[in-house]
Amino acid sequence: MIHSLKEYCKKFFKASFNGENCLKIRSYSNRYNMGDLVQTAETFISKNLGAVLKSAEFLQFGVDDVKVLLKLESEQDSIDEDKYKSVVSWTKHDKDRRRKHFSDLFRLIQLENLSNEFLNDVVHKEELVGSSLECANLIITATLSRLLGAQVYKKMKGQSDEILIIGGQDYERSVAKFNTKTIQWSNMPDTNIARMWPSAVNSNQQILLMGGAEGWNGTYYNSVEMLDLNDENPKWESNLPSMGEKRYGFASTLLDGLVYCAGGYNGIDRLSSCESYNPEERKWSSIRNMNKKRTYHALVSARGLLYALGGRDGNCTTNTAEFYDPRNGKWEYIPPMKTCRYELTAFVLNNEIYAIGGHDSSNRLSSVEKYNLDTKTWIDVLSMNEERCGGSACVVDGLIWVFGG
């Protein structure tokens with residue numbers, strides 16, 4: 001009986017190939033504990049999974065049936081690409097109602113099996129993916145697992161460092177936190193003021209957020225607010241002294257316990273002015289101006305010195321770089337970068353200053369170069385996978401992290 005029923009099922013599938021009927025038979029036979037028929041249905045669907053996912057009937061499936069299909073394995077080489085495309089198509093078929101299911105379905109796709117080209121050219125550009133923190137987490141996890149290898153990845157997951165992403169080119173208050181231990185994003189308290197192109201530093205687990213603007217043609221800020229991560233329930237406080245100058249598109253860093261801010265735009269002119277903040281004294285003080293006006297530049301500290309890199313000094317993008325020595329209060333030039341860059345990001349690793357991405361006035365950049373503090377030379381290093389201007393970067397346990405842009 002079972003043998004003939006299985007044969008009938010196979011003939012039915014071939015005569016009336018229909019993904020919905022396949023699932024109906026599977027559901028019916030499963031309900032009545034007809035295990036062999038269930039297996040027959042699943043085997044047939046698995047062998048023809050790509051066609052089922054692309055069928056018109058698939059768009060009418062309920063979310064539970066979609067999950068059943070996504071969990072099936074197949075010998076087709078590009079099946080995970082087909083699964084991804086089907087999930088996007090299914091969701092967009094009734095986007096308002098189905099969007100809430102997208103991240104759960106996205107989780108069932110083996111992202112490790114997708115090519116870098118498909119991830120970069122298709123997945124990363126999909127609005128449904130970009131608007132979901134959970135989907136971003138899954139992509140990061142898959143990418144790290146594939147690129148770093150299991151041993152390095154497990155070691156990295158054992159760390160507890162967290163990275164905050166604050167503000168940006170958009171006029172917003174939202175703050176996101178990335179945990180390098182769990183490879184997860186989460187939300188933090190919103191800032192008190194929406195700030196475009198502010199700058200921030202971490203001083204003893206107290207995040208100082210400074211300056212920025214209300215919008216492209218709005219108010220320019222010299223105000224400062226602070227998020228104390230030492231508190232159990234941190235919130236942004238605004239009772240800190242303001243900077244001496246309004247600044248937008250400027251750069252900041254820490255050196256010997258002091259916060260330094262340099263350059264930017266005050267709504268009237270691009271700035272070469274700089275100032276420092278003493279957290280213990282709660283006091284801002286002016287320091288000597290840079291040799292060059294700079295906006296959208298980078299500022300880092302290394303070996304007791306400040307280094308200002310690139311930016312714009314008017315209508316021109318520059319590759320110049322200079323350092324400030326607090327001991328004599330002077331700015332001095334160092335050899336220029338190999339590439340003119342503004343909206344770049346920079347950090348220090350192993351006594352070398354990395355200048356990452358940016359814009360050279362003609363093109364967004366994926367290129368990276370580094371300055372050796374001993375040899376005083378710039379050399380090119382491996383470019384990023386994507387062009388980025390206006391991004392941010394940091395180093396956690398020897399790994400370079402670049403966000404946004």
Q | Test side-chain contact (heavy atoms from CB on, under 4.5 Å) applied to Y277 and L240, step by step | A | CA-CA 11 Å; Y277 176 70; L240 281 77; 4.2 Å; yes
Q. Looking at OH of Y221 and CG of L209, how far apart are the two atoms once the value is rounded to the nearest 0.5 Å?
A. 11.0 Å
Q. Any side-chain heavy atom of W284 sitting closer than 4.5 Å to one from P241?
A. yes
Q.
Quick check: do M210 and V259 have side-chain heavy atoms less than 4.5 Å from each other?
A. yes
Q. NZ of K54 to CG of D82: how many Å apart, nearest 0.5 Å?
A. 4.5 Å
Q) Between the side chain of W236 and the main-chain N/O of P189, is any donor-acceptor distance below 3.5 Å? A) yes
Q. Should the ring pair Y220 and Y265 be called parallel, tilted or perpendicular, given that the plane angle runs from 0 to 90° and is split at 30 and 60?
A. perpendicular
Q) Can you tell me how far the OH atom of Y333 sits from the CG atom of N291, to the nearest 0.5 Å? A) 4.5 Å
Q. Would a distance-only check, ignoring hydrogens and angles, find a side-chain to backbone donor-acceptor pair under 3.5 Å from H359 to T317?
A. no
Q. Hey, does K370 have a side-chain heavy atom less than 4.5 Å from the side chain of I379?
A. yes
**Q.** Check: N319 side chain, P336 main-chain N or O, donor-acceptor pair, under 3.5 Å
**A.** no
Q | R195 versus G211, closest heavy-atom pair with distance | A | NH1-O, 2.8 Å
(Q) Does either side chain, that of E387 or that of N363, offer a donor lying less than 3.5 Å from an acceptor on the other one? (A) no
Q) Which word best sums up how the rings of W197 and Y248 line up, parallel for under 30°, tilted for 30 to 60°, or perpendicular for over 60°? A) perpendicular
(Q) Using modelled atom types and a 3.5 Å cut-off, is there a donor and acceptor pairing between side-chain atoms of D360 and backbone atoms of S362? (A) yes
Q. So, for L299 and T253, which heavy atoms are closest and what is the spacing to 0.1 Å?
A. O-CB, 3.7 Å
Q) Ignoring hydrogens and geometry, is there a side-chain-to-backbone donor-acceptor pair from E275 to E245 under 3.5 Å? A) yes
Q | Under 3.5 Å: donor-acceptor pair, side chain of S89, backbone of S86 | A | no
Q: Could you tell me whether R312 sits above the aromatic face of Y296, with NZ or CZ closer than 6.0 angstrom to the six-membered ring centre and within 45 degrees of the axis?
A: no
Q: Using atom types as modelled and distance alone, determine if a side-chain donor or acceptor of R294 lies under 3.5 Å from a backbone N or O of G310.
A: yes
Q. Once you round to the nearest 0.5 Å, how far does CG of D228 lie from NZ of K235?
A. 12.0 Å
Q) Do F403 and W185 have ring centroids that are under 6.0 Å from one another? A) yes
Q: To the nearest 0.5 angstrom, please state how far the CD atom of E369 sits from the CG atom of L344.
A: 9.0 Å
Q | Residue pair E134, R107: steps toward the salt bridge (charged side-chain N to carboxylate O under 4.0 Å, His left out) verdict | A | CA-CA 9 Å; E134 184 174 355; R107 181 181 292 276; 2.4 Å; yes
Q) Using 30° and 60° as the class limits, which term best fits the ring planes of F118 and Y84: parallel, tilted or perpendicular? A) perpendicular
Q.
side-chain contact (heavy atoms from CB on, under 4.5 Å) for V395 and Y354? Distances and angles first, verdict last.
A. CA-CA 11 Å; V395 177; Y354 286 73; over 6 Å; no
Q) Looking just at side-chain N and O atoms, do S238 and N192 make a donor-acceptor pair shorter than 3.5 Å? A) yes
Q | Check against side-chain contact (heavy atoms from CB on, under 4.5 Å), N278 and S285 | A | CA-CA 8 Å; N278 187 319; S285 303; over 6 Å; no
Q. Is a side-chain N or O of K83 found less than 3.5 angstrom from the main chain of L70, in a donor-acceptor match?
A. yes
Q. Going through the checks in order, is the side-chain contact (heavy atoms from CB on, under 4.5 Å) test met by Y371 and K376?
A. CA-CA 6 Å; Y371 178 73; K376 296 180 172 51; 3.3 Å; yes
Q. Within the distance-only criterion (no hydrogens, no angle test), does the side chain of S199 pair as donor or acceptor with the backbone N or O of A251 below 3.5 angstrom?
A. no
**Q.** Closest non-hydrogen atom pair, N204 against N230
**A.** O-ND2, 3.3 Å
(Q) Keeping W331 on the side-chain end and E322 on the backbone end, is there a donor-acceptor pair under 3.5 Å? (A) no
Q | side-chain contact (heavy atoms from CB on, under 4.5 Å) involving R97 - partner list, sequence neighbours excluded | A | D94
Q: List the steps and the verdict of salt bridge (charged side-chain N to carboxylate O under 4.0 Å, His left out) for E127 and R99.
A: CA-CA 11 Å; E127 181 272 334; R99 177 188 282 271; 3.1 Å; yes
Q. Could you give the distance from CZ (F106) to CD (E126), rounded to the nearest 0.5 Å?
A. 9.5 Å
**Q.** Between R388 and T345, a side-chain donor and acceptor under 3.5 Å
**A.** no
